[in-house]
Amino acid sequence: MSEYDPQELESKWRSRWREQGRYEADPAGDEETTFVTVPYPYPSGGMHIGHARTYTVPDVYARYRRLQGDNVLFPIAWHVTGTPIIGAVERLKKGEEEQLDVLKNTYNVDEDTLQDLETPMGFARHFIEEHYKKGMQDLGLSIDWRREFTTNDDRYSQFISWQYRTLKERGLLEKGLHPVKYCTNEDQPVTTHDILEGEEAEFQEYTLVEFGATIDDADVTVPMATLRPETVRGVTNAYIDPGAEYVVAEVDGEFWFVSAQAARKLDLQGRDVEVRYEYSGEALVGETVTNPVTGDEVLVLPAGFVDADNATGVVMSVPAHSPDDYLALQEAKADDARMEQYGIDPAAVDAIEPIPILDIEGYGDIPAKSAVEDAGITSSEDPELESVTQDLYNAEFHSGELHDDYGEFAGGVVEDVRDEFKEAYLGEAFDTMQEFSEEVVCRCGGDVEVAKQDTWFLRYNDADWKRKAHDAVAQLDAIPDNTREQYDHTVDWLNEWPCIRNYGLGTRLPWDEDFVIEPLSDSTIYMAYYTIAHRISDVPVEDLTQEFFDALFYGADAVEGEAPEQALELREEWDYWYPVDYRCSANDLVNNHLTFFLFHHAELFDPDNWPEGITVMGMGLLEGEKMSSSKGHVVLPGEAISNYGADTVRFFLMNSAEPWQDYDWRDDQVETTQDQLERFWRRAREVVDAPEGDRDALVQADRWLLARLQETVATVTEAMENFETRTASQAAFYNLEEDLRWYRRRRDLDAPGARWTQRRVLETRLKLLAPFTPFMANELHEDITGEPAEDAAWPAVDDAFVDESVLVEERLVEDLTADVNDIVDVTDTDPDVVRVYAAADWKYDVLDTVRDVGSDVGQVMSEVMSDPELREKGNAVNDLAQDLVEFVRERDDDELDALAGVDERDVYEAAADFLGREFDATVEVYTEGGDDVVDPADKADRAQPYRPAVHIE
RNA sequence: GCGAGGGUAGCCAAGCCAGGAAACGGCGGCGGACUCAAGAUCCGCUCCUGUAGAGGUCCAAGGGUUCAAAUCCCUUCCCUCGCACCA
């Protein structure tokens, strides 16, 4: 194959790998093992180029470790747990346009196939086979395909059941009430995907301040909802919507006056609610209510802005700290008629004054007043009010200091004391209820409310468990290293995690089949399942008992009586591969999946089997923008590969950024990459087809290139160890290419020594590139040596070619060439003669002195001036010493030592022919002050050690 | 707001941890070589000034430490990601 035809080349290697089962890995001798994993894909849609990188990073590492002689396992499976696939199928069955558009136009599903997608597993199967699996195979991922499974498989479920029974036995699962999104129309919990409006809504916990009131001669509680419980001492009055429906309901045995909607919500939130009487809001207007904290009696005023459908429908007013309340109070004071209409004495309203409860810098004594006045706001309709309010709330939260009457909380900053303050009154003056931050509507059109449901939690807040998780973080190779603190932070921050859902694919909770274990909770230790996935199918499902997995993971001693033999056989597989060496994953999973992964390993396995490393990956952009399958803004791997070839796609993805950095797929850049690979191919073919050459005929330029090659090998190897795919591929491809560019100028490429050198460089380079562009590299390597690169060994630095002095010598020639070039450029002359003057001997003596004495110019001078011969030269020595101090400072000792062994004049004489060709001129080399020196322009004395003077004419 | 990361020439991007070169590469642009021509390839230039390899001004902004700062410290501004029951 002489033309570069990636499609033909790549399909040939794909079938070869498939036929050979090339990447099927089994326990063998006692060689090193490497086990890399990547989160199994979720096939609720197709694969795009962003996924391609996620899977290529571990593949590149896997291929690298194989070249290093490891037995490498790289498996994959399919995550189908949960509701997204089910949701997608439902939208398809309903004939939703957007969904059909994505399926047909983005993922090219044809009309006939659509009906196969109408069952969840049918849907998943389609995307697994037609997109993910095909995409992965086209990319040339070195996956052991015998081990694939889905998380809906019976045997997998038995494994997950074992995990959850074990956690329950260890007290790490707990049952409790938890807020969920609940559709009041369908009477069931809903997920984000079911929500039409308010997808971003958050759960908010309101504090209910239990004011006392008397209604129809009966004592009732009027719970007023607030997000700022600490303002309770600043309440001057309350507001209610006089036209809305309210009720007195018995809530957990107490009589509460709340809006009709609030009574229903409280019912959903696990309260025992019985509605006893119905009222309109007006019933409370003009009454007084008693502040449970201060004992103050305050007036209830009518207000249209109160929303009976938010929280309890009754709010307390804190005009000193809420711009809204302040303005509402001003408006109430100004509207005597309205007050009278509700039977309220306007004088009583006029008497209401704001009560400040905290101090903040930058605002007056009454912050809400000064905030409103400074902004020139006079009406509650002013659009600027919202941002003024937000600013004040932020300022109060972060820097407001509570007044003295707050007792133990006095002087405290709101941010620090709010929760404690609230805690102190809970059960007495305070209660709580949940509410969304915005309105939420179900796709069915029904109203979604917060409901509390019995749920099972994973107790990530367990102190012992947290400690073990921290230990797992501590022994982890976190790549990049700054992710380590993110794991620690997440471990500390994680609280109880509800680990079940009401419906969806996956594993049923073993002791309560109504619930299914949710996706982030059934994917924490499944890497262990890979080690046995291809053999566990020989075990009948019913034999996969608790004892079976106990024996498998904890050994024969962990079970009473005879351990199942098959379990012990599988245990050997597990022992052989575990632990996971590296898990490669997206950086947005640090906060949940990856930390869960650490938690569960830390609990269920010994430290020896804890994960050894995690590499996180950055986001992919497409032409500078976020990819989005719903907008069709994606590139499918299949398209990219058929346009450019898999090697180009892989190389671009690995080379454009390090794995943890964000990268940008840009078509023009990918095209350039393809051109570069094609150029590489052409050049490589020339070398392959040329005679082998002769190692004994090496000259300076050959030794230089071979020395550079050794540096490259060292750089690439170190980078590969650290997952620095960009550094590695840049060094192996671009940096070496630059060296070759110089080499081609310097050397007659047909000379036997050059032939040998080029072959050696190519062969080594193909091995270095094999993890990145396996198709091309294997093909060329096989052409040149008879075996594919992947069957060879990773190159080691060859000491025979490590040569610092040849490197510095060549550097002198490069510098000289660049200098002459500069002069030619600036003077705009085409030289006939180039004269090069190496520095006089005494100048090297000054250099030696500088090296001995150090960088203090004064000291260097006094040393130098003690030599009478040098003293004669006066200023020239002074200038030189200054320059040489700089020169020495900028170089390390190795380089200076190497330079010290170089005879500059010899180097320039040897390069004279080359320079002559470069500039089409005669090149003459002299030594400054030599007997034969020809120096018409008086340039020679400008020579410095390793910086020859130059004259052109 | 909290946690993490970032702001480098027209664009992408390295250097920053271990201070010492107008600052690696690539793309784009300009000029030249080769060619009938195009493509490919090769060479040079691409912050400002400059007919001798130089000088000047630079790494978000401002201040500081140092003989020396893109790099260390402080302040400010801006951007990205995450902040949970979505996977």
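Order of the sequence lines fixes the chain letters, A, B, ..., with proteins taken first and strands second; residue numbering starts at 1 for each chain. Just so it is clear, the model here is predicted, and its values are computed rather than measured.
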Write down the distance between [atom1] ([X]) and [atom2] ([N]), rounded to a whole number of angstrom.
X        : N     : atom1 : atom2 : answer
A:Glu678 : B:G39 : CD    : C1'   : 11 Å
A:Glu671 : B:C11 : CD    : C1'   : 17 Å
A:Trp497 : B:A87 : CH2   : P     : 8 Å
A:Gln434 : B:C85 : CD    : P     : 11 Å
A:Asn592 : B:C81 : CG    : P     : 16 Å

By nearest atom, which of the nucleotides [options] is closest to the [X] side chain?
X        : options             : answer
A:Arg679 : B:U41, B:G44, B:A84 : B:U41
A:Asp662 : B:A52, B:U80, B:G25 : B:U80
A:Gln661 : B:A14, B:C83, B:A52 : B:A14
A:Gln669 : B:G53, B:C27, B:U41 : B:C27
A:Arg745 : B:C12, B:U41, B:G44 : B:G44
A:Trp493 : B:G44, B:A84, B:G26 : B:A84
A:His489 : B:C86, B:C12, B:G3  : B:G3
A:Asn495 : B:A52, B:A87, B:A84 : B:A84
A:Arg726 : B:G82, B:A13, B:G53 : B:A13
A:Asp822 : B:A52, B:C43, B:C45 : B:C45

Does A:Arg891 make a cation-pi contact with A:Phe887, if we ask for NZ or CZ under 6.0 Å from the ring centre and within 45° of the axis?
yes
Would you kindly compare A:Glu953 and A:Leu520 by the position of their nearest RNA chain B nucleotide and give the one closer to the 5′ end?
A:Glu953
Gap in Å between the two P atoms, one belonging to B:A70 and one to B:C77, rounded:
24 Å
Less than 4.0 angstrom between a side-chain N/O of [X] and OP1 or OP2 of [N], yes or no?
X        : N     : value
A:Gln676 : B:C27 : yes
A:Arg682 : B:G39 : no
A:Arg947 : B:A52 : no
A:Arg891 : B:G20 : no

Can you find a heavy atom in the side chain of A:Val473 that is under 4.5 Å from one in the side chain of A:Val491?
yes
Is any side-chain heavy atom of A:Thr151 closer than 4.5 Å to one of A:Trp78?
no
Using a distance-only criterion (donor-acceptor N/O pair, under 3.5 Å, no hydrogens), is the base of B:G53 paired with the side chain of A:Asp819?
yes
Would you please indicate yes or no on a ring centroid separation below 6.0 angstrom for A:Phe772 and A:Phe733?
no
For the residue pair A:Tyr460 and A:Phe599, categorise the inter-ring angle as parallel (less than 30°), tilted (30 to 60°) or perpendicular (more than 60°).
tilted
